[in-house]
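First the proteins, then the strands, lettered A, B, ... as listed; each starts at 1.
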There are 2 protein chains.
Amino acid sequence: MKADKISELTTNRLSIYLRCLNELAHEGRKTVSSDRLAKRFHLNSAQIRKDLACFGEFGVRGVGYYIEDLREQIIRILGLDHHHRVGIVGAGRLGAALTDYYGFRQTNFEVAALFDADPEKIGSVVSDVKVFDVKDFSKVRKNEGIDVAVIAVPAEYAQKVLEMIVDAGVKAVMNFAPTPLLADDDVKLKTIDLTISLESLSYFLARPGKNGRE
Amino acid sequence: MKADKISELTTNRLSIYLRCLNELAHEGRKTVSSDRLAKRFHLNSAQIRKDLACFGEFGVRGVGYYIEDLREQIIRILGLDHHHRVGIVGAGRLGAALTDYYGFRQTNFEVAALFDADPEKIGSVVSDVKVFDVKDFSKVRKNEGIDVAVIAVPAEYAQKVLEMIVDAGVKAVMNFAPTPLLADDDVKLKTIDLTISLESLSYFLARPGKNGRE
DNA sequence: CGGAACTTGTTACCTTTTTCACATAATCGG
DNA sequence: CCGATTATGTGAAAAAGGTAACAAGTTCCG
C-alpha cells in the first residue's frame, strides 16, 4: 500500500499497538495475529492490518506478526529511536508535574529545561531541571539542543509564548493552555485541552442514559 | 433538526464556541453571525450552524445569534449550570497540579478530595484539599458527594482503580494513565493520553517536510 | 410597502475513516 | 505432496464527518 499521506489517527493507533506489543512481549509471546491483538485489546483487526500496511508488509500470512520485529518497526516509524530534548515553558504545578512525567523518559524524550517569567522561580531547580528566564529561551534552546517545546502557561499568554518558541526555531509544540493556537504549517502543534474534556464529561452527566466511550 | 445521537466532536466544538462567545461578550458585543464567529476564530460557519441546530433553533435569520442568549443555551446544553464534585485518585505531582487547575473552577467542577495509597501522603492537605486513603474511596465519595473521578496513578494500577471507582458508583471518569481502560457502557470514560501525543510529535520530527495541525 | 442586504436552518454533496469480505500466501499434519 | 487451516494485504462498501449551496425568514431604508 505505502500510502504517503498518513492520517494522525493512524499514527495515534500505532502508539497503541506498540503498547500492546510491549505487553505481549513481556509475557514472552513470539508472534501474534491481528485478530488476536484486536480481540485482546478491543481493536479492529482490519484496521490494524491497514494501519501497518501504510508502512510496509510486516506480517507473514498464515503466521501473523513477529512481535519483537513489529515492535522495532513501529519504534522506527514513530521515530522513538531518536532522542529528543524538551523545554517546558511555565514552571507552575503543571510544568513541574510534566517535568516528572514518566512518559517523557519512556518515549525517549528528556526534559532539558524549564522556563518562567517569575523572578522567584528563575534559577531554581525542579526535579533536577533548571528553571531559566523565559527571555533566554532562544539562547538556552541552542545550548541545550531543545527540539520540542511544551506550553504550560495561562491561556492569555499562550499565543505569545508559541510565537516566541517558533521564532526560536522549534518545530514541535505541545500546548496545555485551554485555547486554540495559530502556527505556521511547518510547525507541529498538538493541543491538550482539559477544559474541553471536562465539559464533555459535564455534557454526559447532564444527560443520563446516553453512554460514552472515548 | 434535533438529532438525538450527538457526536462527541460536536460537543467538543460547543466548548470552543462557548469560549469564543465569552470573549465576544467580554468585548461588549450583543449579536454575532456564524460567519463572523467563523472568520474570527478560524472555524467553519456551516459547521457552527449545524452543531447548534442539533439542539434547537437559537439564531434569528438576518440577525445572527444573541451572544448572551446563546451562551446560556450552550452552558445549559453542556450541563455547566450544574455543580460537580471531583475526586482525584493519585496525589502525586499530576494529581496536585490538577487540584490547582483553574479550569476545574471555571467549569463548575470542584476538587473535593484526593486519594492515595502512600501512608506518607494520606492525611496531608494539597491546595486546601485533603488526601484520603484510597481504601476509603467509596465512603468518602458518599460523604463528599463526589460524582466525577480523575485517575492520576501509574498505568499499571489504572484498571484496578477504575473498577474501584465504578464499583463505588461514579459514572464519569477522566483517565490520565497512558493506557486504554475498559468500563461498562453506562460509564463515561475520557482518556487523556500524553504518551500518544508525544509519540505523534516524535513521528512528525522523524519526518521533516510533512506538516501537522492538530 | 417593497426591494436589497443579511443570515439562519437544512439539504445535497464530497471527503475521510471504518468495516467487511476475499483472493493470496504460508504452515501443518498425515 | 496436498488439503485444511490460519492470516495477511487490499479493494469495495458502509458509515461518519465536513463543506457548500440555497430556500426561507428578518431587517433596513427609501
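At whole-Å resolution of the value, CD in Q47(A) and C1' in dA21(C) are 16 Å apart. Counting to the nearest Å, the P atom of dT8(D) and the CD1 atom of I67(A) are 12 Å from each other. We find that CG of D35(A) is positioned 14 Å from C1' of dT19(C), with the value rounded to whole Å. Computed from coordinates, the I16(B) CD1 to dG18(D) P distance equals 11 Å when rounded to whole Å. The CG-C1' distance, from L52(B) to dG9(C), rounds to 11 Å in whole Å. Per the geometry, CZ belonging to R49(A) stands 15 Å off P belonging to dT18(C), to the nearest Å. Here the C1' atom of nucleotide dT17(C) and the CD1 atom of I48(A) are 16 Å apart, to the nearest Å. If you take CZ of R36(A) and C1' of dT8(D), they are 16 Å apart, rounded to a whole angstrom.
Using a 4.0 Å heavy-atom criterion, one finds that L9(A) contacts the sugar-phosphate atoms exclusively. Nucleic acid contact class of S45(A) (heavy atoms, under 4.0 Å, all strands): none. Within the 4.0 angstrom heavy-atom criterion, only backbone atoms of the sugar-phosphate kind lie near S34(A); the bases stay farther away. Residue-level contact check: R13(A) touches the backbone only, with heavy atoms under 4.0 Å from sugar-phosphate atoms and none from bases.
Looking at R61(A), its side chain comes within 3.5 Å of the base of dT8(D) through a donor and an acceptor atom. The base of dG11(D) sits within donor-acceptor range of the side chain of K50(A), with an N or O pair under 3.5 Å.
Relative to the side chain of V63(B), the nucleotides dT27(D), dT10(C), dT10(D) differ in distance, and dT27(D) lies closest. When distances are taken from the side chain of E57(A) to each of dT10(D), dT10(C), dT7(C), the shortest belongs to dT10(D). Listed nucleotides dT8(C), dT19(D), dG17(D) differ in distance to N44(B); the shortest reach to its side chain belongs to dT19(D).
Between S7(A) and the phosphate of dT17(C), there is a side-chain N or O to OP1/OP2 separation shorter than 4.0 Å. Within the 4.0 Å cut-off from OP1 or OP2 of dG9(D), at least one side-chain nitrogen or oxygen of Y65(A) is found.
Note: F109(B) and F104(B) have tilted aromatic rings, judged against thresholds of 30 and 60 degrees for the angle between ring planes.
Ion pairing between D100(A) and R93(B) holds under the 4.0 Å rule for side-chain N and carboxylate O. With respect to the salt-bridge test (charged N to carboxylate O, under 4.0 angstrom), the residues D147(A) and R85(A) do not qualify.
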Please set out all donor-acceptor pairs under 3.5 angstrom arising from side-chain atoms of residues 58-69 of chain B, sequence neighbours excluded.
| unit_1 | atom_1 | unit_2 | atom_2 | d |
| --- | --- | --- | --- | --- |
| E68(B) | OE1 | R71(B) | NH1 | 3.4 |
| E68(B) | OE2 | R71(B) | NH1 | 2.9 |

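Each of Y66(A) and V60(B) has a nearest nucleotide on DNA chain C; the 5'-most of these lies closest to V60(B).
A side-chain contact (heavy atoms from CB on, under 4.5 Å) with F176(A) is found for exactly one of T191(A), I151(A), I88(A), V150(A), namely V150(A).
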